[in-house]
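Here is the naming used below: chain letters follow the sequence lines, and residue numbers restart at 1 for every chain. Bear in mind that the values here come from a model prediction, so they are computed numbers and not experimental data. Excluded from the calculations below are hydrogen atoms, water molecules and symmetry mates; all remaining heavy atoms, backbone and side chain alike, are included.
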2 protein chains.
Amino acid sequence: MDSMTIMVRKQTAADQALRLDNQICFAVYSTAHAFNRVYKPLLDRLGLTYPQYLVMLALWERDDVPVKDLGERLFLDSGTLTPLLKRLEAAELIKRTRSTQDERVVLIALTQQGHALREKAKAVPQSILAASDCTVGELLAMKDEIVALRDRLNAVLGE
Amino acid sequence: MDSMTIMVRKQTAADQALRLDNQICFAVYSTAHAFNRVYKPLLDRLGLTYPQYLVMLALWERDDVPVKDLGERLFLDSGTLTPLLKRLEAAELIKRTRSTQDERVVLIALTQQGHALREKAKAVPQSILAASDCTVGELLAMKDEIVALRDRLNAVLGE
DNA sequence: TCACATTTAATTGTTCGCAATTGAATTCGC
DNA sequence: GCGAATTCAATTGCGAACAATTAAATGTGA
């Protein structure tokens with residue numbers, strides 16, 4: 001009777017854990033898509049997709065960097081970045097050049113248009129803030145928690 | 001001089017908002033990918049991708065449902081679900097049948113194998129919990145915050 | 001020096017994710 | 001009832017995302 005009770009409780013816990021509503025990963029997954037959909041109309045005006053916008057954000061902070069550096073900052077590999085960067089180059093926002101020091105390395109630099117786009121992009125975060133209906137403080141606090149979770153997950157992967 | 005100061009402050013705020021590290025959306029985006037990578041080896045054993053796993057989670061809760069219902073629960077459209085469901089059908093985890101009441105509707109039902117897979121899946125959430133290095137309470141609290149953010153973003157989209 | 005390992009991008013193939021369109025079935029307005 | 005609008009899934013086309021492989025350049029050890 002006691003062991004029976006324990007079994008029932010165990011099964012219930014496992015069952016609960018499998019519920020969609022209880023899964024933080026689904027919360028994160030579906031929120032990422034929701035962000036993407038909110039960004040879409042804003043980024044359409046800049047001629048960027050969301051991943052392209054992330055690359056531009058990274059380059060506005062520091063440019064003339066190898067593809068690998070970008071990948072480490074954005075947690076993306078060359079299989080994703082190479083075609084994306086070719087599209088940004090076709091849009092004349094960046095230039096891709098082989099390093100003379102090390103011919104394996106492709107350096108990514110902003111063009112004048114790439115730099116200029118930054119001014120238009122400044123309006124974007126404001127719109128997102130409004131859509132989120134949160135204070136800056138709340139968002140920053142949540143961001144820190146989520147980043148901490150991400151870093152713990154990535155730490156497990158690195159083992 | 002005063003207006004100068006204000007302008008400088010304004011620019012600084014906009015610049016800060018464009019910084020990658022300050023963007024909650026990037027935190028969510030990169031955490032979703034981190035989850036995906038942690039799930040991968042676990043789901044490989046079940047023969048599922050992460051989005052397929054989400055569909056199975058939804059179906060284990062309630063099956064014999066139209067594609068549209070699944071889409072609403074997972075925030076996905078038929079362009080994503082139709083090919084994914086065809087792959088699950090090819091794997092003999094689900095069956096797709098036209099409703100006799102309304103021939104437009106395709107009903108998704110689990111096969112015996114689909115139901116059976118649930119037992120193997122019960123080990124998954126435990127492994128994720130371990131990888132996250134958080135307590136259940138912490139994760140559930142974060143989940144609620146993230147879901148609240150997602151729902152506010154989706155509310156803006158619905159306008 | 002020369003074989004061998006490592007590093008770096010690029011490529012290939014599969015699977016999402018979504019906008020836009022299509023086509024069939026159903027419902028609504030008159 | 002009947003034509004028009006709506007609903008639903010499927011399709012098409014494009015852009016990620018990543019595993020696995022390839023190829024070239026660089027580094028390392030005997």
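For B:Asp15 and A:Arg118, the salt-bridge test passes: some basic side-chain N is under 4.0 Å from an acidic carboxylate O. Between A:Glu61 and B:Arg19 there is a salt bridge, with a side-chain nitrogen of the basic residue lying less than 4.0 Å from a carboxylate oxygen of the acidic one.
The shortest distance between the side-chain N/O atoms of B:Tyr29 and the OP1/OP2 oxygens of D:dA17 is below 4.0 Å. Side-chain nitrogen and oxygen atoms of A:Gln52 include none within less than 4.0 Å of the OP1 or OP2 phosphate oxygen of D:dG15.
Distance from the side chain of A:Val106 is smallest to C:dA9 among D:dC18, D:dA16, C:dA9. Ranking D:dC18, D:dA25, C:dC16 by closeness to the A:Leu76 side chain, first place goes to D:dC18. In the set C:dC18, C:dA9, D:dC8, D:dC8 carries the atom at the smallest distance from any side-chain atom of B:Val105. Residue B:Lys86 has its side chain nearest to D:dT11 when only D:dT11, C:dA10, D:dA17 are considered. Nearest to the side-chain atoms of A:Thr80 among the listed nucleotides D:dC18, D:dC8, D:dG15 stands D:dC18. Comparing atom distances between the B:Arg104 side chain and each of D:dA16, C:dT26, C:dC16 picks out C:dT26 as nearest. Minimum atom distance to the side chain of B:Arg87 is reached by C:dT15, of the listed C:dC18, C:dA9, C:dT15. Residue B:His33 places its side chain closer to D:dC18 than to any other of D:dC18, D:dA25, C:dT15. For B:Arg98, whose side chain is taken as the heavy atoms from C-beta onward, the closest listed nucleotide among D:dA9, C:dT11, C:dC16 is D:dA9. Listed nucleotides: D:dA9, D:dA16, D:dC18. Nearest to the side chain of B:Arg37: D:dC18.
A:Glu72 CD: more than 12 foreign heavy atoms inside a 6.0 Å radius.
If you take CG of A:Asn36 and C1' of D:dG15, they are 11 Å apart, rounded to a whole angstrom. At whole-Å resolution of the value, OH in B:Tyr39 and C1' in D:dA17 are 18 Å apart. A:Leu43 has its CG atom 11 Å from the P atom of D:dA16, to the nearest Å. The nearest whole Å value for the distance from the CG atom in A:Leu74 to the P atom in D:dC18 is 11 Å. Nucleotide D:dT7 holds its P atom 12 Å from the CD atom of B:Glu72, rounded to whole Å. Atom CE in B:Met56 sits roughly 13 Å away from atom P in C:dC16 (whole-Å rounding). To the nearest angstrom, P of D:dA16 lies 14 Å from CG of A:Asp77. When the P atom of C:dT14 is taken as reference, atom CG of B:Asp44 falls 16 Å away, rounded to whole Å.
B:Leu81 comes within contact range of no nucleotide atom at all, as no heavy-atom separation falls under 4.0 Å. Within 4.0 Å (heavy atoms only), A:Thr49 reaches sugar-phosphate atoms of the nucleic acid but no base atom. In this structure, B:Pro83 reaches neither bases nor backbone, as no heavy-atom distance under 4.0 Å exists between it and the strands shown.
Among the candidates A:Phe75, A:Tyr53, A:Tyr50, A:Tyr39, the single residue satisfying the ring-ring contact (aromatic ring centres under 6.0 Å, His included) test with B:Tyr29 is A:Tyr50.
Heavy-atom distances to DNA chain C give each of A:Lys40 and A:Val67 a nearest nucleotide, and the one nearer the 5′ end belongs to A:Val67. When each of A:Glu103 and B:Thr82 is assigned the nucleotide of DNA chain D with its nearest heavy atom, B:Thr82 is the one assigned upstream, toward the 5' end. Annotation: of the two residues near DNA chain D, A:Pro51 and A:Asp102, the 5′-most nearest-nucleotide partner is A:Pro51.
Panel note: side chain B:Trp60, backbone B:Gly114; a donor-acceptor pair is recorded below 3.5 Å.
The two residues A:Arg150 and B:Ala34 have their closest heavy-atom pair at CG-CB, 4.1 Å.
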